[in-house]
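Working notes for the structure below.
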Amino acid sequence: MTDKLKYYEALKLSNGRLNEIELGEKLGINEARTQELIAILLSEYKIAYAINGYCNYSIFSKARARPNSR
């Protein structure tokens, strides 16, 4: 599993209980690489900057498709 996917899944499971840097360190990822992963996930719209507990990022929830109104 790549660092990006591992970090993304851990961020989902953490649900704001750890800050983003501590979460990366817990996974064995250094601070510079963690910031790089955050930048990638932000650019892919997988996470958004939003204070979520101790963490400054939360999972970007996709808008639900509207049912056809007839």
Side-chain angles (χ1 to χ4, degrees):
M1 183 181 283
T2 65
D3 285 346
K4 182 179 79 169
L5 292 175
K6 186 169 43 169
Y7 186 81
Y8 180 72
E9 292 298 320
L11 190 62
K12 270 201 272 191
L13 293 174
S14 171
N15 197 25
R17 286 176 283 205
L18 292 173
N19 78 24
E20 59 276 4
I21 303 303
E22 289 174 347
L23 182 62
E25 289 174 353
K26 184 177 178 186
L27 296 172
I29 303 169
N30 67 22
E31 184 176 347
R33 180 67 176 147
T34 299
Q35 291 174 343
E36 197 176 300
L37 294 172
I38 290 169
I40 293 168
L41 291 169
L42 282 168
S43 71
E44 293 177 351
Y45 298 102
K46 293 192 179 224
I47 63 173
Y49 180 80
I51 296 174
N52 180 20
Y54 291 110
C55 188
N56 290 325
Y57 299 92
S58 62
I59 302 302
F60 188 74
S61 60
K62 296 184 180 195
R64 294 183 184 176
R66 291 184 182 178
N68 292 337
S69 57
R70 293 184 184 206

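What you see is a predicted model; the values in this text were computed from it and never measured.
In this structure, Asp3 and Leu37 have side chains that are in contact, with non-hydrogen atoms separated by less than 4.5 Å. Taking the side chain as every heavy atom from C-beta outward, Glu20 and Leu23 never approach each other to under 4.5 Å. Ile21 has its side chain within reach of Gln35: a pair of non-hydrogen atoms, C-beta onward, lies under 4.5 Å apart.
Considering all non-hydrogen atoms of both residues, Leu11 and Tyr57 come closest at CD1-O, 4.5 Å. Residue Ile47 comes nearest to Leu42 through the heavy atom pair O-CD2, 3.6 Å, listed as atom of the first residue, atom of the second, then distance.
Separating the CD atom in Glu9 from the NZ atom in Lys4 is a distance of 11.5 Å, to the nearest 0.5 Å. Here the SG-CD distance, from Cys55 to Glu22, works out to 10.0 Å after rounding to the nearest 0.5 Å. With rounding to the nearest 0.5 Å, the separation of NZ in Lys6 from CD1 in Ile29 is 5.0 Å. Residue Thr34 holds its OG1 atom at 13.5 Å from NZ of Lys26, rounded to the nearest 0.5 Å.
When atom types are taken as modelled, the side chain of Ser14 and the backbone of Ala10 share no donor-acceptor pair closer than 3.5 angstrom.
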Give the intermediate values and the outcome of side chain to side chain contact (heavy atoms under 4.5 Å, CB included) for residues Tyr7 and Thr2. CA-CA 9 Å; Tyr7 186 81; Thr2 65; over 6 Å; no
I'd like to know whether Tyr54 forms a side chain to side chain contact (heavy atoms under 4.5 Å, CB included) with Leu18, so could you lay out the CA-CA distance, the side-chain angles of the two residues, the decisive distance to 0.1 Å, and finally the verdict. CA-CA 6 Å; Tyr54 291 110; Leu18 292 173; over 6 Å; no
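Under the 4.5 Å side-chain contact rule for hydrophobic residues, Leu27 and Ile40 do not share a cluster.
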